[in-house]
Amino acid sequence: MDGEEKTYGGCEGPDAMYVKLISSDGHEFIVKREHALTSGMIKAMLSGPGQFAENETSEVNFREISSHVLSKVCMYFTYNVHYTNSSIEISKFPVTPEILLELLVAANFLDCKMK
Amino acid sequence: MQEPLLLAELKPGRPHQFDWKSSCETWSVAFSPDGSWFAWSQGHCIVKLIPWPLEEQFIPKGFEAKSRSSKNETKGRGSPKEKTLDCGQIVWGLAFSPWPSPPSRKLWARHHPQVPDVSCLVLATGLNDGQIKIWEVQTGLLLLNLSGHQDVVRDLSFTPSGSLILVSASRDKTLRIWDLNKHGKQIQVLSGHLQWVYCCSISPDCSMLCSAAGEKSVFLWSMRSYTLIRKLEGHQSSVVSCDFSPDSALLVTASYDTNVIMWDPYTGERLRSLHHTQVDPAMDDSDVHISSLRSVCFSPEGLYLATVADDRLLRIWALELKTPIAFAPMTNGLCCTFFPHGGVIATGTRDGHVQFWTAPRVLSSLKHLCRKALRSFLTTYQVLALPIPKKMKEFLTYRTF
């Protein structure tokens, strides 16, 4: 766009640095592609042979995951990437009791790596 | 999966006056809940209290300190140097508890010259003749002597909530409940076992007590009413060690019958057995297959188990798998425990040594983090009543293998 000086990488194209995750209530979470790939489901959706519409613009709509859950999921992506392939002592990942069940359902759907 | 590496080994110094009557075994090892202290019953009636992490001198060159303690909120006026507790007789059981400012502090001051520090740690030691001594960790001072048991106090367990209720397990076939808020008053005797009680463990949510004994049975008691909830049958020999998972959803018990059994403590169902068989039969000449279990414990995030057996191996198990994922050779092992923040396993041996091993580095999945948090307050029955798909219930109740 005209006038915009700074760019941080965008969500366009198959090799975009960022992807956009959209919650059921319309919040858009722009996260690093590498982080989002923590989710086996997102990985499949983004690397599929064009059958998913999202492939073009690297955005994924989650019609069943609300923003208060999706935000936590994104935090988990960061946590996972931060400690994977490093030897830093792993700190606790805080989970709030109120969203636990929804978060579990989302985590199950998204197939977030490891056991 | 990386094999556990030996980080450090501590050996007791030659005791000042060698008493031939006292034994040299390390029956128990323990970390304080905040990870700031390590207790080691090093035989000859001595317990060593060592600040954690260990000083540089203990760690062989080339290893980093694999663990850092969390902020030690209990640092009082005591120095961080190690303490030696002379218990006067063989020490069998050990248990730490935080000791917040006691409500009856003024009463304490009147009757006892040594008033515990505000917000300190205490260590309970179970002794050979049935006595239990309670020590203040930072100063090494003896606070209380609890009498009642008629024989060896083999194991001790404090309520994890810090409510200062202590459970003791004894060769006199009883367990006893002591209230340290009331100067160690004995509030209950739990009878029922027919032989030596080897171990006791309170669930992290403080609702259940597990005890196991020589007659092969495992008992589950309510920590609210101090009554027996159920008996768990299945072991073929003495049951010598037990531990709850960090979310209280699972119970593991270890026996001389070479098995560790994993149970659902809410339903009494037996979920699986972990068989301790010989790793390499070709190496061992003897016909006798010696792999009695000595100790089993859960890792702090609840995904691994460590076991110590008589076949000279420390084994690490992943929850879902039927065979160990790693082994380390250790002779004469008797006990094991994980460092509360993960990363290290401590073991104790018959010759009074303790070893510290690297534990698997675990990055829990988001699913497991949710499961652990949910199961910390949901019983199995409550999970089964949730409006979620069957597969998710199976996951939450640890039925997925």
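Below, chains carry the letters A, B, ... as their sequence lines are ordered, and counting in each starts from 1. In what follows, every heavy atom counts, from backbone to side chain, and hydrogens, waters and symmetry copies are set aside.
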Whatever's closer than 4.5 Å to a heavy atom in chain B on A:Thr96 counts as neither
B:Glu269, CD atom: more than 12 neighbouring heavy atoms under 6.0 Å: yes
NZ of B:Lys393: more than 12 outside heavy atoms within 6.0 angstrom? yes
What distance do [X] atom [atom1] and [Y] atom [atom2] have between them, rounded to the nearest 0.5 Å?
X	Y	atom1	atom2	value
B:Ser365	A:Asn108	OG	CG	10.0 Å
B:Cys370	A:Leu100	SG	CG	5.5 Å
A:Tyr79	B:Leu366	OH	CG	10.0 Å
B:Arg361	A:Thr84	CZ	OG1	7.5 Å
B:Leu363	A:Ile90	CG	CD1	4.5 Å

Go through the structure and list residues passing side-chain contact (heavy atoms from CB on, under 4.5 Å) with B:Ser207, not counting sequence neighbours. B:Ser203, B:Asp205, B:Arg224
I need the minimum non-hydrogen distance between B:Leu369 and A:Val95, along with the two atoms involved. O-CG2, 4.3 Å
Flag the pair B:Ser364 / A:Lys92 as yes when at least one side-chain heavy-atom distance between them is below 4.5 Å, and no otherwise. no
Quick one: what part of B:Leu396 sits under 4.5 Å from any heavy atom of chain A, side chain, backbone, both or neither? side chain
